[in-house]
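Reviewing the structure listed below.
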Amino acid sequence: MSTAVAQKRGLGAMIWDYLTTVDHKKIAHLYLVSGGLFFLIGGLEAMIIRIQLMKPDNNFISAGLYNEMITMHGTTMIFLAAMPLIFALMNAVVPLQIGARDVAFPFLNSLGFWLFLFGGLMLNVSWFTGGAPDAGWTNYAPLSTTSPGHGVDYYVMGLQISGAGTLIGGINFLVTIVNMRAPGMTYMRMPLFTWSVFVTSTLILFAFPALTVGLFLMMFDRMFGSAFFDVGLGGNVIIWEHLFWIFGHPEVYILILPLFGAFSDIFSTFSKKRLFGYSAMVFATVLIGFLGFMVWAHHMFTVGMGPIANSIFAVATMAIAVPTGIKIFNWLFTMWGGQIKMTSAMLWSIAFIPSFTIGGMTGVMLAAAAADYQYHDTYFVVGHFHYVIVGGVVFGLFAALHYWWPKMFGKVLNEKLGKLAFWPFFIGFHLTFFIQHFLGLMGMPRRYWVFMEGQGLDTGNLISTIGAFLMAIGTIIFLTNVIYTSVKEKKVSGDPWDGRSLEWSIPSPPPHYNFVQTPLVRGLDPLWVEKMDGKEGMTPAEPLGDIHMPNASILPFTISLGTFIAGFGFIYQVDDPVWLIAVFAGMGLTLGSMLTRSVKDDLGHHIHKEDLEEDIKKGAGK
Amino acid sequence: MADNTHSKPVHQREFEKKQHREEMKQQVLTFALMILFTLIAFGMVIMEINSYFVIPTLIILAVVQVAFQLYYFMHMKNKGHDMVAMMMYGGAAVAGLTIITFVSIVWW
Amino acid sequence: MSSEDVLNPKQMPHDPEKATLEGRNKFLAFWFFLGGETVLFASLFGTYLALNGSTQGENTPEHLFGLELVFIMTMLLLTSSLTSVYAMYHMKNHNFQKMQLWLGITVVLGLGFLGMEIYEFYHYIHHYEFTFRSSAFGSAFYTLVGFHGGHVLFGLSWIVTLMIRNQKRGLNLYNAPKFYIASLYWHFIDVVWVFIFTVVYLMGKVG
Amino acid sequence: MRGWMGKFRSLFLFGALTMLLTGCGIENISALKPKGYGSELLFDLMLISIAIMIFVFVIVMAIYAFVLLRYREKKGQEHIVPKQTEGNKALEVIWTVIPIILLLVLAIPTVQATFDLADQSTQGDEGVITIDVTGNQYWWQFDYSDEEISTSQELYIPTNERVYLNMKSSDVIHSFWVPAIAGKMDTNPGENMNTMYLEAYEEGVYEGFCAELCGPSHSLMYFKVVAVSPDKYDQWVEDMKNIDPEATPETASAQEGQELFNNNCMSCHAIGGASAGVGPNLGNFGNREKIAGILEPSKENLVDWIVHPDEVKPGNSMPSELVTEEEAGKIADYLLELKHSDVGTELPVQNAEE
């Protein structure tokens, strides 16, 4: 199939194209759109929470609905918004940064996406079928195992399905980075974003199985009468907490590390300097990933693990501040002596430094195990992790989207609107969350549906709610910008920022085979190296020849659809065994699709040299 | 890549076959040791030796057996398994931490 | 190398499973997957170790487990590991028929193991009324051993599918990695079983 | 100042911080106005960590501000290519080592405080009080097993004495938190029991919270810790031991209420004596600061609570409309007359002021 033919087709054909695509760039679009949609849903839930807490004794929503809101807000934002948006960036950028034509397993890439999407849909269907999960995003047993209705069942099945997708994605990127690098792209020449994706994928590989097991145990307890968390039959509820946090703490680093990588690329590009202390940065990234596995129990200081365990985990947690500090200083010194260009992407990155530093500082305070007896499960913690996740992850996503938008869509997001979106969001963010630290210490526990009059919490909560509205305004301006840009802005060249890494050496958006000829990498910041040598672009590492590309397939979609159907079967077979039909039908579809994939040879197709020459004439060679 | 798919000289093929046979011998030896370890493990339990001694020994025997599996049967000792070994060690480290946790601080 | 060459059984290199980029990707990805599986089983083992004292009555590990059956099961599975090594040995020597034969023996041994496991569960349930729901120990035991059993079942179906699919066309660069990782999977099942018979059965018997 | 950090308080930075933070929040609720051993220890630990963190933050912000002011690209400089520095060993060592030292400075008091708060050395000694705390959806039960007293919602303790709490839960996980006196500790179901201690410096009524999501009424699971002088505490114990559940109330309405209560409520509740089990023990109910932990103690509110418990505390297990409104009025008369001990009633309730 030549690219020229693919241009003009109807809507139906386009939908079919996206349903079956295995192209990492299109999968990035899918992740971006669905992650963005879930981000809006999660944001809406946040607004409802803040409206409820606007004044004391408020009755905007009922207590039960409030618990559903906080649960779904947390779950949605972590699993269905932040993770897929990061996967969107990974898909859009990593193969380009290492000079590859696609990821190692295009088929699995697509499967990972569809599993995530169906898992996410499953979770949100619960709103319409009698109540969403309501035991908090941490879903502690036995509150979750005894929660009436099917809400928690949706949590279990939805996360199990989307978690499988994430695990597949993680392995895929690991192999991609290990095996698919262009000639000369050694590990120590990889852009920091690619490095951080590598570490993140490792964390995914080791963290998600713990969640998988936890969810299985929860599923067995709720749907098949086992007794893991049933103290009456000798179960132990602390098992869930450990399994959840063995997964949950690395998850925090899974979220933040890729954006650390993105910030590194952005700071370096817009300061026109190579990253200060590159090897220290790589080392710090790896170290954060490593330590990330040793500290999960700091979420459980008040559970009663005893002073020895608490002390060990406290000190281990504090240690993470060191590599994080190294990163902050290296970013500052990357800008030191540079030519700082204040684009929107840079603005978000600049704003990230103080915000994240505050988040890190409160993190160290929380690490002091004893002091956590006061902080734990209060608004202090809420303030802390929003400083890290909004100030780090969300700022990072905005920065990275502004930075790579031209690479993904061929147009630079409007700079004026970009900056206009930034200010209300930034100010609103600090208004919302800074005050929450104090609210917590003044006696406001987390996950409170109402607070009482006369507890001195009125003003703080009102300020917090006002801030939330400002953040909503910022988000709306950003969405406006996306629409405005797609309608009004003009196409730009492949390298609008005077970039340094490989993705900027090819057209925007890239042709579906990315590189006409695999580039030869001659150093860190390979494109910059060539530019400094006065060259136009990369030197090819191979002669022009046929390119082998994978075939599109609908099977990832059907495999995921099968798990979706089976998920409903599992949930409702408790009420009526007839639903077992759905289990068998769904599993049949999934396993049948897998079998088809397994026995049907799929050797991909070739793009012929003549077509490539045709494309080069149209500018694909640059 | 393409070069090693073309037909090879006979002597090289013979050499490779010999190499495979050597490796196979090692693997059969490994298997024999694994069977032996299993027999010792079961034997100790059947003879009801003091459990303070038996439990650590059982665990050591199991770990050695597993190392045999990984390094000989699954070829982790061979070249080109650096990344593989790294990830398996990583997995083993997390696995170890998890198990230590569950036998120590999931208390009663 | 073009994709047509991949299906040509005549040109077999030394390491057919790693001769193509796709093969190398599969090889690496599968090992990484096993790294993740290690954590998965560790979580199950951890849960089992935390709960194996919660027996709620006389159905304790010591009371339930019989070592004879476990010993035979262990021998079957260990031997099947060796037979799959033989299969890979013949693959490297490009002897497809012998590879199929040894894989066949592996499958038979695996089926034997699975049958005995099913019998064991049946025995516990009907003889001792020891079920998945009777205590936290029961839940943990059936989940851990059952997960392993599920892996055995999946491994068997996988190997059988591969054998049938490729019976006519022989070994080539497209299916060699598939055979290779299926055998890796089979070894990993054995690795897990070594810990199961040690931690669950033998240590359960020691008490 | 009794805290081990007391000496340092006079230092300028700590003094300023203390002033700033103690300005926040309401007396007897806020963790920033410590009134007990635990909360004071933790407040000091907070101060140390905040001071270290502010120090770091100031340095980061100084570099940050300088870089942003000095190295912005100016008009006409677009083509200048800055020097591509690889790194700086000395600097990198500095910003690795200094944080490590700062963290060690923080880690030592952290570990000390952690062990200090886990200390149980005097538990079980002669005259040392241990109270069994049970978290329930959505109320707290306090059993004084040595004295055979059981109360709910209001925990009486003597001042300046270490009182141990053995904590567990009867259903889901709760967390016992009295910010003004001590930190918090989870109450777990099953056999996982936790122990912590309280030591209040001053008499007062301190607000307590449930700090672990436990269901719809999680945010309504308040309780009070009433700290009184040891003498008054002994008096309270004496009063509570002598509760006579059969005692005839004064008014006719209350007498009818007593009978209605005995017929309808006693299967779950108790008045005085040992723990009731399913529902709270209502001994000394008439002197409670709050009804159900949240409502002002008036007849109207109590009737509302008895007839429509689910509207007051969603998801709680008290049955709705078990009695009519009229009957509930009589029960309320009875319950509000249950004033078994005056101890603590003279203490001001902090919420009134603001």
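Letters go in sequence order (proteins before strands), and every chain restarts at 1. Since the model is a prediction, treat every value here as computed from it, not as a measurement. All values below were derived from every heavy atom in this structure, side-chain atoms included, with hydrogens, water molecules and symmetry-related copies excluded.
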[X] portion near chain A, given a 4.5 angstrom heavy-atom threshold:
X: C/Thr55; result: neither
X: C/Phe147; result: side chain
X: C/Tyr174; result: side chain
X: C/Ser135; result: both
X: C/Arg165; result: side chain
X: C/Lys26; result: both

Enclosure of [X] [atom1] (heavy-atom neighbours >12, cutoff 6.0 Å):
X: C/Tyr119; atom1: OH; value: no
X: C/His126; atom1: NE2; value: yes
X: C/Lys178; atom1: NZ; value: yes

Give me the atom names and distance for the closest heavy-atom approach of [X] to [Y].
X: C/Ser54; Y: A/Gly234; result: OG-O, 2.9 Å
X: C/Phe32; Y: A/Ile171; result: CB-CG2, 4.3 Å
X: C/Ser43; Y: A/Ala210; result: OG-CA, 3.8 Å

- chain C contacts, top residue of A/Asp230, A/Asp602, A/Ile204 (heavy-atom pairs, under 4.5 Å): A/Asp602
- A/Ile168 side, atom CD1; C/Phe33 side, atom CZ - distance, nearest 0.5 Å: 9.0 Å
- Query: To the nearest 0.5 Å, what is the distance between CG (C/Leu34) and CG (A/Leu205)?
  - Reply: 10.0 Å
Side chain, backbone, both or neither of [X] within contact of chain C (heavy atoms, under 4.5 Å):
X: A/Leu211; result: neither
X: A/Asn172; result: neither
X: A/Leu217; result: side chain
X: A/Ser598; result: both

- Message: Checking the side chain of C/Ser139 only, and the main-chain atoms of A/Ser226 only, is there a donor and an acceptor separated by less than 3.5 Å?
- Response: no
- Sidechain-backbone polar pair: C/Arg133 side chain, A/Phe224 backbone, donor-acceptor under 3.5 Å: yes
With heavy-atom distances below 4.5 Å as the criterion, would you say the side chains of [X] and [Y] are in contact?
X: C/Glu22; Y: A/Phe105; answer: no
X: C/Leu51; Y: A/Ile239; answer: yes
X: C/Val39; Y: A/Val213; answer: no

- Message: C/Asn25 vs A/Met180, test: side chain to side chain contact (heavy atoms under 4.5 Å, CB included). Steps then yes/no.
- Response: CA-CA 9 Å; C/Asn25 284 348; A/Met180 309 284 282; 3.7 Å; yes
- Under the side chain to side chain contact (heavy atoms under 4.5 Å, CB included) rule, what do A/Phe216 and C/Thr143 come out as? Steps first, then yes or no, please. CA-CA 9 Å; A/Phe216 267 122; C/Thr143 302; 5.9 Å; no
- Message: Testing A/Asn179, A/Val178, A/Val175 one by one against C/Arg24 for a side chain to side chain contact (heavy atoms under 4.5 Å, CB included), which residue passes?
- Response: A/Asn179
